[in-house]
Each structure stands twice: as C-alpha cells, then as structure tokens.
Amino acid sequence: MPLIEDLLDKEVVNNPYPYFHQLRKEDPIYWNERWNGWVFTRYHDISKILIDNRFTAERIRPSKNMPEQMVLDMASTYEILSKWMVFNDPPNHTRIRMLVNKAFTPKAVEEMRPFMHEITDYLLHHVQSKGKMDVISDYAFLLPILVISKMLGLPDEDRDLLKQWSDDLLLLVFGAVKETNRHERAKNGLQQMVYYLEDVIQARHKNPQNDLITALVTAKEKGDVLSMGEVISTCTLLIFGGHETTTNLIANGLYSLLKNPAQLEKLRANPSLIHSAIEELIRYEGPSKAIMRIAKEDVEIADKEIKKGQRVLLMQNIANRDPEVFEYPDKLDITRQSNHHLGFGKGIHYCLGAPLARLESTIAINQVLKHLKNIQLERTDLEWQPNIISRALKQLPVIFD
Amino acid sequence: MGNRIRVYVDKNKCIGSTTCIYYAAQTFTLDSEGKSTVVNVDGNDSNKIQEAADSCPINAITIVKDE
Ligand code: HEM
Ligand code: SF4
C-alpha cells in the first residue's frame with residue numbers, strides 16, 4: 001500500500017480508519033520518516049508500551065530546529081509544562097500524582113453534579129428558541145472550563161480570561177502546526193494565567209476555602225506537600241488537560257450518535273445505557289487520538305528495533321478499533337460490554353480526570369437528548385482539525401425543533 | 001493477628017495505575033500483564049488497604065470484612 005507520510009494528510013484526518021486499518025495489517029510498527037518516529041496501531045503493542053518503563057513520558061522540550069532566541073523566550077513556558085505530572089516519570093510523577101489525588105477526589109467531582117445540570121440547562125435554554133446551534137462553540141466548549149473554574153474556586157467573572165488563555169496554550173500543546181505566532185501566544189497566555197493563579201493561591205494560603213485550590217495547597221502525603229510552582233503548574237494542567245478533551249468527547253459523542261440514529265433512539269428509550277454508551281463513544285471516536293513516549297534504551301518489539309531516544313506515537317483510536325480485541329470494531333454499539341478501550345490511556349498516567357470527564361459528558365449528552373427534540377446534523381460534510389494527537393471537529397452544526 | 005478482611009482486585013477493570021501499590025506495597029503487586037494482584041491481605045495495616053481501595057482511579061478494589 002502506498003504509505004501516506006503526512007499524518008496530517010487531509011483525507012487521513014477526515015477519515016482515519018480505512019488508512020490505519022490497512023497500516024495495522026501491513027506495517028503495525030511503522031517508521032514514519034516525516035514525523036520522525038514510530039507509529040503503533042495494534043492494541044496489544046500499545047497497551048504494553050504504556051506500562052513499560054523503558055519508555056519515558058518526559059517529552060517536553062523545545063524542538064530541535066527552534067532558533068536559540070526563541071528557546072530562551074520559551075523557557076518559562078517549558079518550566080511550567082515540565083512540572084505537569086503527565087510529562088514526568090517516577091519518582092517525580094508518583095509524588096505529584098499522589099498529592100494531587102488527595103485533592104482531586106471522586107467526592108469533589110460528584111459535588112459538581114448540580115452545577116453541571118445548571119450550566120447545561122442554561123446553555124440549552126439559550127439556543128432552544130433558535131432551533132439550531134454549533135454544538136462546539138455554543139455548548140461543549142463552555143461546559144468544561146466553567147466546571148473546572150468552579151471546582152478550583154475561581155471567581156465567576158474571571159472565566160472569560162481563563163478561556164482565552166486556555167485557547168492560547170492549546171495551540172502549543174496540541175500543536176496546530178500551521179498557526180503563526182503560536183509560541184508567542186502560548187507564552188503570553190500561560191504567563192498571564194500564572195500571575196493570576198499565583199495571587200489566588202496566595203489568598204487561599206492565608207484564607208482557606210472549600211475548593212480545589214485550597215485542597216491542593218493543603219494536600220499532605222507522607223509528610224510531603226506541593227510547592228507553589230507545583231500547585232500553579234497542576235492548576236494549569238487541570239484547566240488545559242480537561243478542556244479540549246472533554247469538549248471533543250461531548251461533540252464527537254453527539255456526532256457519532258447522530259450518524260447512527262438507531263443507537264441514538266436506543267439510548268433515548270433506555271437512559272440507563274448512558275454509562276456503556278459513554279465508554280463506547282470514547283472507544284469509537286475518542287478525543288485523544290494518540291499518546292507519545294520516547295525510548296530510554298534500545299527496545300525490540302516484534303521484529304522492530306526501537307533505538308534509544310526515538311519517539312513512538314501510540315495511536316489510541318486505532319487500537320480501539322483493533323479487530324483482535326473488539327468485535328465489529330467499526331460498529332457503534334452503545335451496549336458493548338467489557339469495553340477496555342485505551343481512550344484514557346493506561347498505567348501510571350491513566351487519566352486523572354476520567355471521573356470528571358465521564359460525569360460531564362454523561363450530563364451533557366443526557367441533557368441534549370432531554371431538551372432538544374428531533375435533533376439532526378445540519379450538514380454532513382464536516383471537517384476535522386488537522387492535528388496529530390487530538391480528534392476534534394472544526395464545527396458541529398445541528399438543527400432541532 | 002491478621003486483618004480480618006478479604007481483598008479482591010477486579011482484573012477485568014484494573015488499568016495498572018499502581019496507586020494501590022503506592023499505599024499498600026506489601027499487599028498489592030503488579031502481575032506480568034501490569035494488573036494488580038493481592039499477594040498478602042496482611043501485608044499492610046487495614047486502613048492503608050482501605051486507602052488504596054479508595055484511591056483506585058477506576059474502583060477496581062473490593063474489601064470484604066469478615067464477621
Ligand atoms: C474525555 C476527556 C479526556 C480524555 C480523553 C483524556 C485523556 C487523557 C489521556 C489519554 C491521558 C494520558 C496521557 C499519557 O499517558 O501521556 C490523560 C492524562 C491526564 N488527564 Fe485526561 N483526559 C480527559 C479529561 C480530563 C479532565 C477533565 C481532566 C482534569 C480536569 C484531566 C486531567 C488529566 C491529568 C491530570 C492527566 C495526567 C495524569 C498522569 O500523568 O498521571 N483529563 N488524559
Ligand atoms: S489502583 Fe486500581 S487500577 Fe491502579 S493498579 Fe491498583 S487496582 Fe489497578
């Protein structure tokens with residue numbers, strides 16, 4: 001088969017599955033010259049690498065061909081990102097994750113339930129009379145940022161600021177390559193957010209509240225606490241890590257249901273299927289397309305020799321459609337059982353926000369089904385963002401009665 | 001005297017986060033597939049084991065107290 005070197009090839013981006021199914025068959029561990037790394041597409045290979053400590057998650061560094069001045073300018077951004085637990089290995093990773101675990105508890109997530117209802121009611125009420133909306137900009141994009149700001153304990157009036165800064169940094173992390181000024185905007189957005197968070201954190205030190213920032217500031221584990229820098233950095237991770245991903249789960253999930261009306265009707269008729277439905281929507285068209293790791297030593301997998309320092313791209317969405325593991329992988333089945341998808345990763349970095357993401361998307365999708373009658377896609381020629389690691393529609397216009 | 005409890009890991013659910021091992025390293029260990037198994041219910045203090053169960057990100061650990 002003619003291998004497509006450009007992972008951002010328009011056709012592959014818009015409809016990745018035929019191409020990657022064939023790639024999985026013909027060259028499941030494939031060296032992509034252009035991306036300069038290995039592309040993995042089999043479930044079992046990916047699953048093993050995610051728990052293999054010969055691969056490191058420390059991958060935040062300026063790219064090789066960045067001019068020196070830019071590297072200096074970006075130093076503060078990398079300083080923050082380098083403290084994100086997701087870019088750390090043990091023992092640093094263990095330390096930060098276990099401390100954050102103390103604050104980001106299932107109880108803290110559950111307490112957000114009424115607020116999630118309130119916000120989704122409000123947003124849907126707003127569009128109801130119009131008979132149409134863009135699911136992303138009118139609905140799915142707003143919920144996660146409002147929820148995490150509320151959880152952290154940030155004042156309502158500052159949410160727009162956070163949303164702006166968050167958009168700016170996403171450019172860097174999710175690498176929308178063709179955007180000009182992307183480093184500049186990311187740097188400014190992050191820097192402003194850091195100053196802002198510093199003030200809030202200091203205020204909570206003096207005057208504890210019942211919120212996540214206070215819980216992070218006061219979290220203790222085996223006599224250890226998070227430093228100021230670590231609290232700031234973790235807040236930015238919680239804001240960014242959960243924003244675009246949850247937005248896209250809601251949007252991709254609704255899109256998949258709208259493309260499969262029989263499944264949508266089944267869910268309407270049996271609301272208790274929502275839990276297996278959410279897992280299936282993550283498997284079928286999950287927001288995280290791929291996870292990256294770097295080999296710390298030479299590693300042999302199947303007949304391939306991964307050299308120390310080489311990058312590997314673990315294609316979660318393709319693993320989630322591996323026929324070795326999933327029956328009728330290209331079929332959306334909201335009743336699917338034993339759905340061990342890799343949409344939230346696996347192993348020590350397994351998504352810390354998974355309970356929050358599950359609850360938000362459950363409520364968001366339930367509320368749409370409840371409030372919007374006869375919802376349909378306005379168009380079917382939708383486009384996906386040209387992006388290697390996230391699966392995101394550009395827009396999702398729908399109409400309803 | 002040992003802990004009067006039984007501890008189960010649902011291997012079907014476990015995603016190998018190693019969180020339980022962090023809290024109760026003498027009780028849980030990872031098997032060759034990267035899933036947690038109970039090696040010794042008396043390995044740690046029972047409230048450490050409880051903490052491990054409470055911290056599991058996918059709720060895969062069940063503790064049953066003997067009467
Ligand atoms: C549907 C929505 C989401 C998806 C698909 C998702 C996906 C992922 C994935 C695949 C990883 C593992 C990355 C790796 O192994 O390198 C991860 C890690 C993480 N996610 Fe999520 N995520 C979602 C929502 C959230 C939310 C709402 C939050 C928090 C507010 C969050 C916070 C985190 C954090 C803190 C980590 C790092 C965990 C660690 O390194 O130990 N995520 N997420
Ligand atoms: S904490 Fe839960 S998911 Fe993590 S290893 Fe233990 S049993 Fe498995």
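Every chain is numbered from 1, with letters handed out A, B, ... down the list of sequences. The figures that follow rest on heavy atoms only: side chains count, while hydrogens, waters and symmetry mates do not. Note that the structure is predicted; figures quoted are calculated from it, not measured.
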Approximate separation, where rounding is to 0.5 Å, of [X] [atom1] and [Y] [atom2]:
{"X": "A/Thr94", "Y": "B/Ile21", "atom1": "OG1", "atom2": "CD1", "result": "11.0 Å"}
{"X": "A/Gln337", "Y": "B/Asn12", "atom1": "CD", "atom2": "CG", "result": "10.5 Å"}
{"X": "B/Thr18", "Y": "A/Arg97", "atom1": "OG1", "atom2": "CZ", "result": "8.0 Å"}
{"X": "A/His340", "Y": "B/Cys14", "atom1": "NE2", "atom2": "SG", "result": "11.0 Å"}

TODO: Answer yes or no: does atom CD of A/Glu324 have more than 12 heavy-atom neighbours from other residues, nucleotides or ligands under 6.0 Å?
DONE: no
Open item on the list: Heavy-atom count check: over 12 atoms from other residues, nucleotides or ligands less than 6.0 Å from A/His275 NE2?
Closed with: no
Task: Shortest non-hydrogen contact from A/Ile51 toward B/Glu33 - done: CD1-O, 3.5 Å
Task: B/Tyr22 versus A/Lys222, closest heavy-atom pair with distance - done: O-NZ, 3.3 Å
Open item on the list: Given heavy-atom pairs under 4.5 angstrom as the criterion, report whether the side chain, backbone, both or neither of A/Lys48 touches chain B.
Closed with: neither
Task: Which atoms of B/Leu30 approach chain A - backbone, side chain, both or neither, heavy atom under 4.5 Å - done: neither
- [ ] Output, in order, the C-alpha distance, side-chain angles, deciding distance and verdict of side chain to side chain contact (heavy atoms under 4.5 Å, CB included) for A/Phe344 and B/Ile15.
- [x] CA-CA 10 Å; A/Phe344 286 122; B/Ile15 44 80; over 6 Å; no
